[in-house]
Protein chains: 2
Amino acid sequence: MSAGNAPPVGFEKHDHSACVAQALAAAEARCAAEGLRLTPVRRKVLELLLQKHRALGAYAILDLLRDAGFGSQPPVAYRALDFLAEHGFVHKIERLNAFVACSHPGETHSPAFMICRLCDAVAETQSTPAKGALGAAARAAGFHIEKTVVEAEGICPACAEKPKA
Amino acid sequence: MSAGNAPPVGFEKHDHSACVAQALAAAEARCAAEGLRLTPVRRKVLELLLQKHRALGAYAILDLLRDAGFGSQPPVAYRALDFLAEHGFVHKIERLNAFVACSHPGETHSPAFMICRLCDAVAETQSTPAKGALGAAARAAGFHIEKTVVEAEGICPACAEKPKA
DNA sequence: TCTTGGCATGTTATTTCATATCCTGTCTTG
DNA sequence: CAAGACAGGATATGAAATAACATGCCAAGA
Ligand SMILES: [Zn+2]
Ligand SMILES: [Zn+2]
Ligand SMILES: [Zn+2]
Ligand SMILES: [Zn+2]
């Protein structure tokens with residue numbers, strides 16, 4: 001039971017309800033355009049991740065799904081998450097074994113994350129990992145990169161200001 | 001104690017027994033120099049990871065520890081791995097929930113990994129994630145990076161040559 | 001010396017994360 | 001109205017990680 005807190009996330013303030021509505025609408029539009037099926041469960045999972053605006057474990061999502069009247073067995077959440085992740089609506093944070101809604105919907109991108117080790121806030125940004133030393137090493141080794149995971153752990157600005165209090 | 005000649009990747013052939021022995025000796029020397037305790041279990045885990053020369057899950061290591069006469073409960077492996085990872089002798093591959101011996105012993109470094117999705121081979125190289133777009137984003141956001149996880153998934157040269165055999 | 005405290009290890013049990021498998025209902029399409 | 005694809009519900013199990021407690025060792029300090 002690691003519930004309870006509602007630590008602010010993203011790193012900046014913003015009009016959250018609008019942000020959620022807009023992202024959901026964008027997802028629906030894209031699914032319609034591409035023939036993807038944004039079913040009730042999938043939509044609900046995306047909505048939950050957008051609303052919470054933080055990384056959630058599959059079982060936390062499952063609890064919320066149950067509260068919303070959906071199935072509450074692990075595969076329900078994992079299947080929805082697989083779909084959403086496969087199409088770029090959400091990302092998995094390997095470091096946390098958790099999922100977060102994408103902050104850059106629509107654009108194909110190679111995401112990078114900044115994860116606060118104190119409050120677990122997660123911010124998404126873009127990365128170009130194959131352009132630097134890693135890309136050079138891959139070419140030299142004959143390795144073909146298909147996907148990259150880039151996750152930076154550290155301290156978010158909010159936590160940096162209140163050192164311990 | 002640097003292996004100066006070897007390229008920064010692990011997809012190539014090499015004199016493996018020498019490589020294991022040298023790395024173990026280097027680890028022992030460094031522990032002696034820094035007052036770290038490379039106990040039998042810790043040494044064995046490092047030796048196993050060096051010998052297998054691939055990423056191993058904690059429970060796979062545990063099986064090998066059992067065969068070698070050590071304790072066989074999860075904490076035994078996890079504690080040894082924690083020690084080794086904390087001091088940079090091994091790295092955790094988040095993507096695989098597995099551990100691999102460090103290829104650049106001694107030097108402080110920010111590792112990056114290339115992981116073959118077909119054969120699970122892992123090669124370690126250096127990365128400078130904080131120097132590129134990620135670093136810029138972190139500065140802009142006021143995020144203080146302490147550690148980065150960089151893991152590229154793709155196809156290794158060996159698997160690229162045998163398309164499906 | 002004795003003892004006390006830190007530390008590594010062993011052991012048991014539990015929690016947390018993820019997948020395999022089977023079955024049912026609902027569309028779609030010929 | 002079949003036949004097939006696919007989403008989702010349910011049960012069960014596997015895999016990864018940690019909590020909590022107990023024992024033995026050794027070195028500093030009384
Ligand atoms: Zn994204
Ligand atoms: Zn924080
Ligand atoms: Zn390394
Ligand atoms: Zn391979």
Side-chain angles (χ1 to χ4, degrees), chain A residues 1-4 27-28 31-32 34-49 55-87 89-100 117 120 149 151, chain B residues 27-28 31-32 34-46 48-49 55-87 89-100 120 149 151:
Chain A
M1 307 279 276
S2 63
E28 275 175 349
C31 284
E34 299 183 19
L36 302 175
R37 298 174 56 181
L38 191 61
T39 62
V41 193
R42 293 169 177 174
R43 189 181 192 283
K44 187 65 182 177
V45 170
L46 178 56
E47 182 186 340
L48 289 168
L49 283 172
L56 292 178
Y59 281 66
I61 290 170
L62 207 49
D63 288 342
L64 297 169
L65 280 180
R66 179 184 302 112
D67 295 347
F70 291 88
S72 58
Q73 267 53 59
V76 174
Y78 281 103
R79 284 191 288 232
L81 289 166
D82 283 348
F83 169 86
L84 294 169
E86 184 179 346
H87 297 290
F89 297 114
V90 309
H91 299 295
K92 178 172 187 182
I93 309 295
E94 298 287 346
R95 184 74 199 211
L96 301 176
N97 293 323
F99 299 82
V100 68
R117 71 170 158 82
D120 278 354
V149 171
E151 299 174 5
Chain B
E28 273 174 351
C31 284
E34 300 182 20
L36 302 175
R37 299 174 56 181
L38 190 63
T39 63
V41 195
R42 293 169 177 173
R43 189 181 192 281
K44 187 65 183 178
V45 170
L46 177 56
L48 289 169
L49 284 171
L56 292 178
Y59 282 70
I61 291 169
L62 207 48
D63 288 341
L64 297 169
L65 280 180
R66 178 184 302 112
D67 295 347
F70 292 89
S72 58
Q73 307 311 313
V76 174
Y78 280 104
R79 286 193 285 234
L81 289 167
D82 283 349
F83 169 87
L84 293 170
E86 184 179 347
H87 297 290
F89 297 114
V90 308
H91 300 295
K92 178 173 185 183
I93 309 295
E94 299 286 347
R95 189 68 205 245
L96 301 176
N97 293 323
F99 300 81
V100 68
D120 277 354
V149 171
E151 298 174 4

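Computed from a predicted structure; not experimentally measured. Chain letters run A, B, ... following the sequence lines, proteins first and then strands; every chain starts at 1.
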Asks: Is any side-chain heavy atom of B:Arg43 closer than 4.5 Å to one of B:Glu28?
Replies: yes
Asks: Should B:Phe83 and B:Leu36 count as side-chain neighbours, where that means a heavy-atom distance under 4.5 Å?
Replies: yes
Asks: Do B:Tyr59 side-chain and D:dA17 base share a donor-acceptor contact under 3.5 Å?
Replies: yes
Asks: Can you measure B:Leu81 atom CG to C:dA8 atom P for me and round it to whole angstrom units?
Replies: 15 Å
Asks: Atom CG of B:Leu62 to atom P of D:dA17: distance rounded to whole Å?
Replies: 12 Å
Asks: To the nearest Å, how far apart are B:Arg95 CZ and C:dC17 C1'?
Replies: 15 Å
Asks: Which listed nucleotide (D:dA10, D:dA17, C:dG10) is nearest to the side chain of B:Arg79?
Replies: C:dG10
Asks: How about A:Leu56 and A:Val100: do any of their side-chain heavy atoms sit closer than 4.5 Å?
Replies: no
Asks: Could you state the CZ-P distance from A:Arg66 to D:dG9, rounded to the nearest angstrom?
Replies: 13 Å
Asks: Measure the shortest side-chain to side-chain distance between B:Leu65 and B:Leu48 over non-hydrogen atoms and say whether it is less than 4.5 angstrom.
Replies: yes
Asks: How does each nucleotide of nucleotides 23-30 of chain C score, in 5' to 3' order, for protein heavy atoms under 4.0 Å: base (B), sugar-phosphate only (S), or none (-)?
Replies: --------
Asks: Salt-bridged, A:Asp63 to A:Arg66, with N to O below 4.0 Å?
Replies: yes
Asks: Among the nucleotides C:dT19, D:dT18, D:dG9, which one has an atom lying closest to any side-chain atom of B:Pro75?
Replies: D:dT18
Asks: Could you identify which residues of residues 35-44 of chain B place a heavy atom less than 4.0 Å from some atom of DNA chain C, listed by residue number, or say none?
Replies: B:Arg37, B:Thr39, B:Val41, B:Arg42
Asks: For residues B:Val45 and B:Leu64, determine if any side-chain heavy atom of one lies less than 4.5 Å from a side-chain heavy atom of the other.
Replies: no
Asks: Does a side-chain N-to-carboxylate-O contact under 4.0 Å join B:Glu151 and B:Arg95?
Replies: no
Asks: Could you tell me the separation between the SG atom of A:Cys31 and the NE2 atom of A:His87, rounded to the nearest 0.5 Å?
Replies: 7.5 Å
Asks: On DNA chain D, compare the nucleotides closest to B:Gly57 and A:Pro74; which residue's is nearer the 5' end?
Replies: A:Pro74
Asks: Take the protein atom OH of A:Tyr78 and the nucleotide atom P of D:dA15, then report the distance between them rounded to whole Å.
Replies: 15 Å
Asks: Let me see the working for A:Arg37 and A:Arg42 under side chain to side chain contact (heavy atoms under 4.5 Å, CB included), right down to the final yes or no.
Replies: CA-CA 9 Å; A:Arg37 298 174 56 181; A:Arg42 293 169 177 174; 3.9 Å; yes
Asks: Do any side-chain nitrogens or oxygens of A:Gln73 fall under 4.0 Å of OP1 or OP2 in D:dA10?
Replies: yes
Asks: Would you call B:Phe99 and B:His91 a side-chain contact if the rule is heavy atoms closer than 4.5 Å?
Replies: no
Asks: Rounding to an integer number of Å, can you tell me how far A:Leu84 CG sits from D:dA7 C1'?
Replies: 13 Å
Asks: Between A:Asn97 and C:dT16, is there a contact of a side-chain N or O with OP1 or OP2 at under 4.0 Å?
Replies: no
Asks: With a cut-off of less than 4.0 Å, is there a side-chain N or O of B:Lys92 near OP1 or OP2 of D:dA16?
Replies: no
Asks: Without decimals, in angstroms, what is the distance between B:Asp63 CG and D:dA16 P?
Replies: 11 Å
Asks: Can you check the A:Leu65 CG to D:dA7 P distance for me, whole Å?
Replies: 17 Å
